[in-house]
Amino acid sequence: MAKPLISKVLKDAGKLKSRDDRIAYLRKYRHPALTDVLRINFDADIVSLLPEGKPPYQPDDAPPGHEYQTLYRAHKRFKYFFKGPIANQIVPLRRESMFVSLLETLHADEAEMICKAKDKKLKITGITKKLVSDAFPNLIVK
């Protein structure tokens, strides 16, 4: 059985009725890709070095399960897009080009989710900073 897309995990978790069920569901699918997306969205210490908004890119039109890659592998490239020793060494134009290339290889839902998360604007009913902090203690610093 293939792992569900990170965007699907978050949407499905948000649909669950109880807070405890949402926490258990997020923990069930715990993966660095999932926790990275949540931390990017909720942690004030994570600062995007990309321009705000959705960049111009060609969304992948492949159905789920047929995308070129998923965030389970692609999340390793996040280090180039957020303030830190690695990203600080990259020229902004190159960084933006790398980000567009990443988005074009992901399923359209995951690409959209990353664009919103980098701007701290990912809103999913039932998924809050408090819930994420309770599900994954010590994940969010600020």
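All values derive from a computational prediction rather than experimental measurement.
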> Could K3 and Y72 be counted as a cation-pi pair, given that NZ or CZ must be under 6.0 Å from the ring centre and within 45° of the axis?
Replying inline: yes
>> Return the CG to CD1 distance between L16 and I127, rounded to the nearest 0.5 Å.
In response: 8.0 Å
> Is any side-chain heavy atom of L106 less than 4.5 Å from a side-chain heavy atom of D60?
Replying inline: no
> Residues two or more places apart in sequence or in another chain: which of them pass side chain to side chain contact (heavy atoms under 4.5 Å, CB included) with D36?
Replying inline: H75, F78
> Does L5 belong to the same Ile/Leu/Val/Met/Phe/Trp/Tyr cluster as L103, with side-chain heavy atoms less than 4.5 Å apart forming each link?
Replying inline: no
>> Distance check, rounded to the nearest 0.5 Å: L102 atom CG versus T105 atom OG1?
In response: 5.0 Å
>> Do L122 and V47 sit in one hydrophobic cluster, given that two such residues count as connected whenever their side-chain heavy atoms are within less than 4.5 Å of each other, even indirectly?
In response: no
> Between L49 and A87, what is the shortest heavy-atom contact and its length?
Replying inline: CD1-CB, 3.6 Å
>> Is there a path of hydrophobic side-chain contacts, each under 4.5 Å between heavy atoms of I/L/V/M/F/W/Y residues, joining M98 to M113?
In response: yes
>> If the test is salt bridge (charged side-chain N to carboxylate O under 4.0 Å, His left out), which one of K121, K116, K118 qualifies with E52?
In response: K121
>> With a 4.5 Å cut-off on side-chain heavy-atom distances among I, L, V, M, F, W and Y, is there a chain of contacts connecting Y29 to L26?
In response: yes
>> Return the CD1 to CG distance between I46 and L38, rounded to the nearest 0.5 Å.
In response: 12.0 Å
> How long is the span from the SG atom in C115 to the CZ atom in F99, to the nearest 0.5 Å?
Replying inline: 4.5 Å
> With no hydrogens and no angle check, is any side-chain donor or acceptor of K76 less than 3.5 Å from a backbone partner on L71?
Replying inline: no
>> For residues Y25 and V37: do they belong to one hydrophobic cluster (side chain heavy atoms under 4.5 Å, members Ile, Leu, Val, Met, Phe, Trp, Tyr)?
In response: yes
> Crowded around K120 NZ? As in, over 12 foreign heavy atoms under 6.0 Å?
Replying inline: yes
> At what distance, to the nearest 0.5 angstrom, does NZ of K15 lie from CG of D21?
Replying inline: 15.0 Å
> What pairs of residues pass the salt bridge (Lys or Arg N to Asp or Glu O under 4.0 Å) test when at least one of them lies in residues 123-142, not counting sequence neighbours?
Replying inline: R19-D134, D45-K142, K130-D134
> Quick one: CG on D119 to CD1 on I114, what's the gap to the nearest 0.5 Å?
Replying inline: 11.0 Å
